[in-house]
Number of protein chains: 2
Amino acid sequence: MTKARSHTWQDIQQRIRQNITDGVWVPGQLIPGEVTLAAQFGCARTTVNRALRELAQTGVIDRKRKAGTRVAMMKARRVTAEIPVIRSQVEAQSQQYRFDVLKRKFDVPLVSVKTAMKLRKGSKALHIQSIHYAGAAPYIYEDRWINIQTIPQVVEVDLGQTSVNEWLVENIPFTRGEFVVEAIEANKTVARALKVADCASIIKSRRLTWIESRSVTLVNLYYAPGYQMKFEI
Amino acid sequence: MTKARSHTWQDIQQRIRQNITDGVWVPGQLIPGEVTLAAQFGCARTTVNRALRELAQTGVIDRKRKAGTRVAMMKARRVTAEIPVIRSQVEAQSQQYRFDVLKRKFDVPLVSVKTAMKLRKGSKALHIQSIHYAGAAPYIYEDRWINIQTIPQVVEVDLGQTSVNEWLVENIPFTRGEFVVEAIEANKTVARALKVADCASIIKSRRLTWIESRSVTLVNLYYAPGYQMKFEI
DNA sequence: ATTGACATTATGTACATACATAATAAAAAT
DNA sequence: ATTTTTATTATGTATGTACATAATGTCAAT
């Protein structure tokens, strides 16, 4: 019996992981309870609990009260990505960042935008269109709507200096939302903005964020051809 | 003084969140220490710790020993998605799932594949190409390489019954890897497989997974036009 | 002024204990 | 046989205590 005398939850977690990757516990199988494991590893139950809790969070195991803990079937994999502000993305490639605001205007949004953002009938929203450049080349074309009911302060922001995006992430600290990615053929507007052919395949992302039940902003981003979105598994 | 007499870490977390969204604590600001907060909320420090720990994990706050805790500047947003097995995706749309294996063969992979998977020079890998259908329509075209050094058992699997993907997720429990998404124009092979025009814009994803330092599989998926990939923020 | 030793401090963790809660199994009532 | 009630059990959480660790500031030695 080798005694690795470290009872950090990370160590316990590692040993549990080991049992799974080594096939000691196979997917679907019930693993020993917390008390048993604690005794086995010679640590407190709370430590085992912490180790298991984080494994459940990342989807390696499934836990249910009374039913116990079993190795996940992994019907789904969780992928995650850090989506930095565009400036950082560009500068990370050691390229010069620059952006142009093409339009900044209060508009009555399209019905699709209005319903998505739960805007009141007839109310206007701030509509901003801009191009982000990496060096001389267009990098991303941005088409954004902002709910000025939720964020009235945004009206005062000087867009010559900071992009709305950066202003928002620095001043509106906590939002939730959805992020949808699809492939499209560039339409005329987008093609002209990104300086690509009309039928070019590009990634479009659509992000809608909320504070509580109030929409903040709806952003459509059109990425220049060749853009890769990277995730971790 | 209203006393919400619940000291669950979720409640404490909610109240801390509230302070951030309400602008009581602005981005970059140092917030009170754990002991202070515990006294304020009338709970144990460990409970505050749990609440703050999870907030740090999701990137709402930044913590450093001795330096204290401050509201994050949110330079980047974390997005996550559940990527289910294709069968589940199709069946979730209440459509019939079916797949065809076009090719299943041991090949010496291209150099790009070989280096990405860290395969030994000249060694073969299992190469599988298949089409996944949603109802009658092609849904995803799959081009996969499997490292048979890592997963020798896969050679025995009957591909008529279960797709390799499903077999892998059910039998190889714990892998890490990367997942890259981009927009491409369908080439001849893909276009024929998905029954779309040659220049059609489609999403291509490339997933490479590892067990420890041994590659498991490299999968290129080509999604039918219109496919949307959804993430949570 | 710079370096190094040391104290200070806020977060991080481990543990024992106690109780809460959800899901299940067993027992009782219909 | 079916439903309802009750007990059981494994996970989930809260707390006090103790100590670990990393980062910072302080003060003395050079």
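Naming: A, B, ... by sequence-line order, numbering from 1 per chain. This one's a predicted model, so the numbers in the text were calculated from it and none came from an experiment.
Protein atom CG of Asp11(B) is 11 Å distant from nucleotide atom P of dT15(D), rounded to whole Å.
Residues meeting the side chain to side chain donor-acceptor pair (under 3.5 Å) test with Gln228(A), sequence neighbours left out: Glu182(B). Residues meeting the side chain to side chain donor-acceptor pair (under 3.5 Å) test with Gln95(B), sequence neighbours left out: none. With sequence neighbours excluded, the residues forming a side chain to side chain contact (heavy atoms under 4.5 Å, CB included) with Thr47(B) are Trp9(B), Ile12(B), Cys43(B), Ala44(B), listed by chain and number.
Residue pairs meeting the salt bridge (Lys or Arg N to Asp or Glu O under 4.0 Å) criterion with at least one partner in residues 23-45 of chain B, sequence neighbours excluded, are Glu34(B)-Arg45(B), Glu34(B)-Arg63(B). Applying the ring pair (Phe, Tyr, Trp, His ring centres under 6.0 Å) test to residues at least two apart or on different chains, the pairs with a partner in residues 77-98 of chain A are Tyr97(A)-His132(A).
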Subject >> Per-nucleotide protein contact string for nucleotides 4-13 of chain C (B base, S sugar-phosphate only, - none; heavy atom under 4.0 Å) >> reply: ----BBBBBB
